[in-house]
Amino acid sequence: MKIAILPGDGIGPEIIAQAVKVLNALEEPFEMETAAVGGAGYAAYGHPLPEVTLNLTKKADAILFGAVGDWQYDTLERSLRPEQAILGLRKNLNLFANLRPAILYPELAGASSLKPEIVSGLDILIIRELTGDIYFGQPRGVRIAADGTYIGEREGFDTMRYSEPEIRRIAHVAFQAAQKRCKRLTSVDKANVLETSQFWRDIVRQVHLEYPEVGLEHMYVDNAAMQLIKAPKEFDVIVTGNMFGDILSDEAAMLTGSIGMLPSASLDVNNKGLYEPSHGSAPDIAGKGLANPLATILSAAMMLRFSLAKPLQADRIENAVKKVLSQGLRTPDIYANGTKKVGTVEMGNAVVSALST
Ligand code: NAD
């Protein structure tokens with residue numbers, strides 16, 4: 001099994017090093033190869049997604065990704081900025097399904113800005129369509145308005161669109177995920193205003209006929225944003241389009257208190273996937289040994305479960321993470337009085353030790 005390791009920028013290399021250490025400790029015959037991406041890709045090869053890196057990811061069974069982005073590259077033209085590497089990988093590898101669990105470990109209930117009784121034990125899975133919607137729809141741009149109230153003035157425009165096959169395949173992923181959990185799926189859209197959303201809703205309803213054991217409800221995105229704050233434990237699996245999913249998955253992440261705890265997976269139709277923490281490259285704390293490596297370590301566990309067919313090893317890692325939390329170890333982002341503050345490497349070492357106990 002070949003794993004492409006893409007550390008990236010900022011805290012990326014520090015947190016990836018901890019996840020690789022944990023993977024090595026499993027003593028499985030993984031072949032791991034590292035390549036530059038993001039700002040590091042630009043520095044080495046003049047492009048955020050160098051050809052050598054893209055080729056490695058194509059050959060690999062799974063990709064473990066740190067994070068990209070660094071202020072020193074913010075003045076580059078858009079196509080050369082580090083973040084373009086993520087969009088390029090999603091498009092080239094056809095990673096259309098983004099799975100983001102938002103789990104609140106009881107030990108961290110105090111880290112959430114919501115009351116512990118509202119969030120403790122939270123376990124939601126948000127499934128976001130990743131390769132369509134207004135983020136990729138054409139045409140787009142800035143033009144001189146030819147109609148409407150402001151004829152002759154400049155206007156910006158984008159196109160929201162979803163084809164039937166795109167909606168069907170993400171709906172199947174969502175129903176299948178719900179089947180393995182509490183069998184409740186909420187499809188989020190804005191069907192009261194958008195044609196694309198009404199179409200989305202109609203297709204999701206049709207796919208539902210193949211999964212009669214899963215309960216389906218539809219919810220408008222504005223209501224979903226409210227319900228996630230009001231009663232988040234009412235949700236099991238949420239499926240939604242690219243833009244709504246972008247926003248709701250970050251909202252759900254913050255319910256758990258720290259973005260440093262949340263893994264994610266982006267899958268293709270064959271369950272080949274890219275696994276990365278939900279956070280960015282955190283340039284403000286890069287190189288200081290302060291970053292929480294647990295989201296990346298948990299991303300490696302998701303990789304074992306979804307792409308490498310090693311569910312028992314995934315369980316081992318997830319149990320080891322629970323164990324270090326119950327031992328009271330905390331990186332600064334999740335630190336609270338009465339717990340023990342540790343750095344990135346110490347946290348990684350603790351997870352490795354917990355694997356064998
Ligand atoms: P960010 O997620 O990098 O950081 C937001 C805040 O969370 C910062 O205070 C940071 O210190 C903290 N944080 C993030 N991860 C942490 C961790 N593991 N442990 C402890 N604290 C952590 O978001 P940002 O500041 O908006 O963006 C920084 C850079 O990351 C930008 O260049 C942005 O484009 C990029 N970015 C990349 C990705 C990705 O690679 N997938 C995603 C989002 C943002």
Side-chain angles (χ1 to χ4, degrees), residues 5-19 22 35-43 48-49 53 57 63-76 78-91 93 95 98-100 108 111-113 128 130 135 242 245-247 249-254 256-266 273-300 302 321 324-325 329-336 339 341-348 351:
I5 306 283
L6 310 187
D9 309 318
I11 59 170
E14 301 166 59
I15 53 180
I16 282 284
Q18 306 315 308
V22 171
V37 74
Y42 178 79
L49 182 55
T53 304
T57 62
I63 300 133
L64 189 61
F65 187 98
V68 292
D70 193 314
W71 296 318
Q72 63 173 303
Y73 301 109
D74 280 355
T75 49
L76 288 174
R78 189 172 294 281
S79 66
L80 294 176
R81 289 202 202 144
E83 294 78 3
Q84 292 301 314
I86 306 173
L87 298 180
L89 283 166
R90 285 177 191 162
K91 263 292 175 210
L93 303 178
L95 304 172
N98 184 224
L99 277 57
R100 273 174 66 164
L108 300 182
S112 172
S113 43
R128 165 188 170 196
L130 211 50
Y135 288 6
N242 204 346
D246 191 1
I247 298 163
S249 57
D250 269 15
E251 186 187 349
M254 281 327 293
T256 70
S258 172
I259 202 154
M261 292 297 303
L262 296 174
S264 79
S266 303
L274 181 145
Y275 298 83
E276 58 175 329
S278 297
H279 57 74
S281 57
D284 53 330
I285 56 167
K288 296 182 181 163
L290 300 173
N292 185 345
L294 294 179
T296 316
I297 291 170
L298 291 166
S299 299
M302 283 186 93
V321 168
V324 299
L325 291 176
L329 302 190
R330 303 282 189 273
T331 43
D333 56 310
I334 50 174
Y335 175 76
T339 61
K341 202 182 275 187
V342 295
T344 311
V345 174
E346 210 176 342
M347 185 59 107
V351 175

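Atoms within a ligand are numbered from 1 in the order they appear, just like the ligands themselves. When reading the values below, keep in mind they use all heavy atoms of this one structure, side chains included, and skip hydrogens, waters and symmetry mates.
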Q.
Between ligand 1 and Ser281, can you find any atom pair, the residue atom being a heavy atom, that is separated by under 4.0 Å?
A. yes

Q. At a 4.0 Å threshold, what atoms of ligand 1 neighbour a non-hydrogen atom of Gly69?
A. 32 (O)

Q. Under 3.5 Å, N or O to N or O, is Gly66 touching ligand 1 that way?
A. no

Q) Are any non-hydrogen protein atoms located under 4.0 Å from atom 2 (O) of ligand 1? A) yes

Q.
Give the atom numbers and elements of ligand 1 that come within less than 4.0 Å of a heavy atom of Ala291.
A. 19 (N)

Q: Considering heavy atoms of the protein only, find what lies nearest to atom 25 (O) of ligand 1 and give residue, atom and distance to 0.1 Å.
A: Pro283 CD, 4.8 Å

(Q) As a test of understanding, state which of Val345, Leu294, Thr296 forms a side-chain contact (heavy atoms from CB on, under 4.5 Å) with Gln18. (A) Val345

Q: Go through the steps to decide whether Val342 and Val324 satisfy the test side-chain contact (heavy atoms from CB on, under 4.5 Å), and finish with yes or no.
A: CA-CA 11 Å; Val342 295; Val324 299; over 6 Å; no

Q) Does Ser278 reach ligand 1 with a nitrogen or oxygen that is under 3.5 Å from one of the ligand's nitrogen or oxygen atoms? A) no

Q | Part of Ile11 with heavy atoms under 4.0 Å of ligand 1, whether side chain, backbone, both or neither | A | side chain

Q. Are Asp9 and Tyr73 close enough that a side-chain donor and a side-chain acceptor fall under 3.5 Å?
A. no

Q: Could you find the nearest protein heavy atom to atom 41 (N) of ligand 1 and give me its residue, atom name and distance?
A: Glu276 OE1, 3.1 Å

Q: State, yes or no, whether a side-chain contact exists between Leu108 and Arg330 at a heavy-atom distance under 4.5 Å.
A: yes

Q. With side chains defined as the heavy atoms from C-beta onward, is the minimum distance between Ile63 and Leu89 less than 4.5 Å?
A. no

Q: Measure the distance from atom 12 (C) of ligand 1 to every protein heavy atom, then report the residue, atom name and distance (to 0.1 Å) of the closest one.
A: Ala282 CB, 4.4 Å

Q: For residues Asn242 and Arg128, determine if any side-chain heavy atom of one lies less than 4.5 Å from a side-chain heavy atom of the other.
A: yes

Q | Shortest protein contact, atom 33 (C) of ligand 1 (heavy atom only) | A | Glu83 OE2, 3.5 Å

Q. Quick one: are Leu49 and Gln84 in side-chain contact, heavy atoms under 4.5 Å?
A. no

Q. If we only count heavy atoms from C-beta on, is the Pro48 to Arg81 side-chain gap below 4.5 Å?
A. no

Q) Is it true that Asp70 lies under 4.0 Å from ligand 1, counting heavy atoms only? A) yes

Q) Looking at atom 5 (C) of ligand 1, would you say a protein heavy atom lies below 4.0 Å from it? A) no

Q) Do Ile15 and Pro277 come within less than 4.5 Å of each other through their side chains, counting heavy atoms only? A) yes

Q. Would you call Asp250 and Arg100 a salt bridge, using N to O less than 4.0 angstrom?
A. yes

Q: Identify, for atom 7 (O) of ligand 1, the protein heavy atom at the shortest distance, and state residue, atom and that distance.
A: Ile259 CG2, 4.2 Å

Q. For the side-chain contact (heavy atoms from CB on, under 4.5 Å) test, which of Leu262, Asn292, Asp333, Ile259 pairs with His279?
A. Ile259

Q.
I'd like to know if atom 37 (C) of ligand 1 has any protein heavy atom within a distance of less than 4.0 Å.
A. yes

Q) Which bit of Ile86 is near ligand 1, meaning a heavy atom under 4.0 Å away: side chain, backbone, both or neither? A) side chain

Q | Atom pair OG/CD of Ser281 and Glu83 - distance to nearest 0.5 Å | A | 7.0 Å

Q. Hey, which atoms in ligand 1 end up nearer than 4.0 Å to a heavy atom of Ala67?
A. 40 (O)

Q) Is there at least one pair of N or O atoms, one from Gly280 and one from ligand 1, spaced under 3.5 Å apart? A) yes

Q: Counting heavy atoms only, name the option from Ile285, Asn292, Val68 that's nearest to atom 21 (N) of ligand 1.
A: Ile285

Q.
For atom 9 (O) of ligand 1, tell me which residue out of Thr296, Asp74, Asp284 has the closest non-hydrogen atom.
A. Asp284

